[in-house]
Amino acid sequence: MRTLLLRSTLIVAIAVGLTACDFDVTNPGPVQDEFLDDPGAHDAVVEGANFALSEALWQVSYIGDESARQITRSGRNFCCPKTPPRVGELTRDAASSNTWNVAHEARWTAEDGARRFQRALAEEDDVDFQSYEPAARALLIAGYANRLLGENMCEAVFDNVGDILDPEESDGEIQGGDRPYYERAEQAFTKALDIAQNAGLQEIEYAAHAGRASVRGAGLGDWEGAVSDAQVVPEDFTYEARYDGLEEAQYNHMWWMGSMDPWADWTVFDSFAEEYYEETGDPRTAWRDLETTDSPLDKPMFEQQKYTSRSDNVNLSSGREMLLIKAEAELRNGNEGAAMNYINEVRTTVESDITGEPLEAKEAGSLEEAWTALKDERRVELWLEGRRMGDLRRWIADDTPGEMEDMSERIRLCFPIPDSEVDGNDQIPADHESPRNPIYTGS
């Protein structure tokens, strides 16, 4: 499999150097791989995995959220990755190649860290892997990295590493659709949860429950299991991907791409959020008019305000998402009343920027109207978090009731296996084409 394993090792190696830096010590740069087996380096390895996940998330969101009609393209001038030549056209070209590589790199970096810790601690008498905090954190990151792949990639491909998550034997062949990513994510979250419980790491416990709830329901169709996990997570809980303004790869590009400082690639203009925010003042979709059309496509620059700096973090899980998971489970059981209670529990805790009062509760006179309310609420709650394509894909596949944005002009609602993987993986035929959107109406 052609993932960038060398660069992953360099990421964690550089992180080791950074943890050793102060005013009297010079960063030694990359170190030998075996040095990372030392328990003293394990926290730095986890930070390298965090770095990789955050970078993968912004790159997936940068292209995927445009393709899912979450935001509007106002230019195409940012260097890497270039957006597709046509809006929303997810093909095997360089944009998909870059996104595929960084997303798999994030998965591999976290999983390799957990493998490394297990191997290294087997030789330690006084440290138990089953209660080892760096292992819990690495596995949690692995869970989110696999979920990112499941929600955004069309098909699964893994390298045969015989790793800690015990995958089926694989030599890089295509594993099917997105389900193997979700299965792998569930395994990672479960292992992270077990270790966190042994070590008394409550934040990781909540995050593992929340992450597992999201993949059990939306990814694996186990809504009973999803609800069981969701019920554990406090409503005010959040777990975030971290960003900072020190290095470009770690900027929050969801802000930077539409900030005019220096990029003008994204605008809220002509997206659902433009009118929705004007009508409701819902701060979850806030934007401001930069009062310029000085963008490559001469569109008004409406800057989203969910994120307001290069160092704003991005939610990976939240207690509010758990309410919407429970709402969807109720809808799938035909209980629109219970579902609307959960949806309104989310809405009425948000104060409008226009009125200063909680948002109005929604009403639904039918199951179809309740499904529409859920689809709208998830779109708002998870806006610009790289989650929408997975939602759209499963609702279309399940032929769920209710209205949502028209996606019939999108060739795909996921990133296909790209040219870089096809060219470097002899298990994938050169003429392989990943699945298309079943409601695509183009040629």
Side-chain angles (χ1 to χ4, degrees), residues 53 56-73 81 83-84 86-93 95-100 102-104 106-107 144-156 176-182 185 211 214-215 217-221 241 253-254 257 266 271-273 306 314-317 321 324-325 328 374-400 402-418 433-440 442:
L53 176 61
L57 178 58
W58 78 250
Q59 294 218 28
V60 167
S61 296
Y62 172 55
I63 297 176
D65 280 342
E66 175 197 62
S67 298
R69 300 188 188 281
Q70 294 287 79
I71 202 82
T72 300
R73 181 187 298 185
T83 49
R86 290 176 55 192
V87 173
E89 190 171 274
L90 297 180
T91 60
R92 285 171 38 170
D93 62 10
S96 289
S97 288
N98 195 77
T99 305
W100 172 275
V102 295
H104 271 284
R107 173 191 66 79
Y144 283 119
N146 276 286
R147 187 187 73 179
L148 181 70
L149 288 160
E151 290 179 335
N152 292 283
M153 304 298 157
C154 298
E155 297 173 289
D178 54 26
R179 186 179 179 89
Y181 292 126
Y182 289 116
S214 64
V215 301
L220 301 175
H253 285 67
M254 284 71 87
M257 287 299 96
W266 266 8
S271 74
F272 88 95
K306 179 170 184 171
V314 176
N315 279 354
L316 292 169
S317 285
E321 182 195 352
L324 298 180
I325 287 173
E328 184 160 351
L374 172 77
K375 292 173 179 179
D376 288 345
E377 202 64 28
R378 278 188 67 92
R379 187 179 199 182
V380 169
E381 182 66 29
L382 304 179
W383 189 46
L384 305 183
E385 294 178 10
R387 309 288 302 279
R388 190 62 176 177
M389 286 206 297
D391 279 350
L392 293 170
R393 212 162 59 251
R394 84 164 178 282
W395 290 330
I396 290 171
D398 294 347
D399 194 23
T400 55
E403 298 179 3
M404 62 184 188
E405 55 270 39
D406 181 10
M407 304 305 297
S408 62
E409 293 183 359
R410 296 296 193 248
I411 295 175
R412 293 185 179 88
L413 297 173
C414 52
F415 292 92
I417 296 176
E433 283 291 336
S434 292
R436 291 191 171 200
N437 175 10
I439 63 170
Y440 176 58

Which atom names give the shortest non-hydrogen contact between Glu321 and Ser317, and what distance separates them? OE1-CA, 3.9 Å
Could you work out, with salt bridge (Lys or Arg N to Asp or Glu O under 4.0 Å) as the rule, every residue matching Glu328, not counting sequence neighbours? Arg332, Arg394
Could you tell me which residues satisfy ring pair (Phe, Tyr, Trp, His ring centres under 6.0 Å) with Tyr181, sequence neighbours excluded, listed by chain and number? His104, Phe158
Where do Gln70 and Leu384 come nearest, in terms of heavy atoms and distance? NE2-N, 4.0 Å
Partner set under side-chain contact (heavy atoms from CB on, under 4.5 Å) for Ala273, not counting sequence neighbours: Val268, Ser271, Thr285, Trp383
Residue list, side chain to side chain donor-acceptor pair (under 3.5 Å) with Asn146, at least two apart or on another chain: Glu111
Counting C-beta onward and ignoring hydrogens, is there a side-chain heavy-atom pair between Arg412 and Tyr440 closer than 4.5 Å? no
Check side chain to side chain donor-acceptor pair (under 3.5 Å) between Asp406 and all other residues, then give those that pass, not counting sequence neighbours. Ser408
Tell me, please, which residues at least two apart from Arg388 pass salt bridge (Lys or Arg N to Asp or Glu O under 4.0 Å). Glu405
Any residue meeting side chain to side chain donor-acceptor pair (under 3.5 Å) with Ser67, in chain and number order, not counting sequence neighbours: none
Tell me the closest heavy-atom pair linking Arg69 and Phe272, and the distance in Å. O-CD2, 4.2 Å
Pairwise side-chain contact, Arg387 with Arg147, heavy-atom cut-off 4.5 Å (strictly under): yes
Got a sec, which residues hit side-chain contact (heavy atoms from CB on, under 4.5 Å) with Leu220, two or more places apart in sequence or on another chain? Arg179, Tyr182, Glu183, Glu186
Sequence neighbours excluded, which residues qualify as side-chain contact (heavy atoms from CB on, under 4.5 Å) partners of Pro435? Cys154, Glu155
With sequence neighbours excluded, what pairs up with Lys306 under the salt bridge (Lys or Arg N to Asp or Glu O under 4.0 Å) test? Glu385
For Asp93 and Pro418, which heavy atoms make the closest approach, and how far apart are they? O-CB, 4.5 Å
Just to verify, what does Glu403 make a side-chain contact (heavy atoms from CB on, under 4.5 Å) with, not counting sequence neighbours? Thr372
Residues at least two apart in sequence or cross-chain that pass side chain to side chain donor-acceptor pair (under 3.5 Å) with Glu409, listed by chain then number, are none
Hey, does Asn437 have a side-chain heavy atom less than 4.5 Å from the side chain of Leu392? no
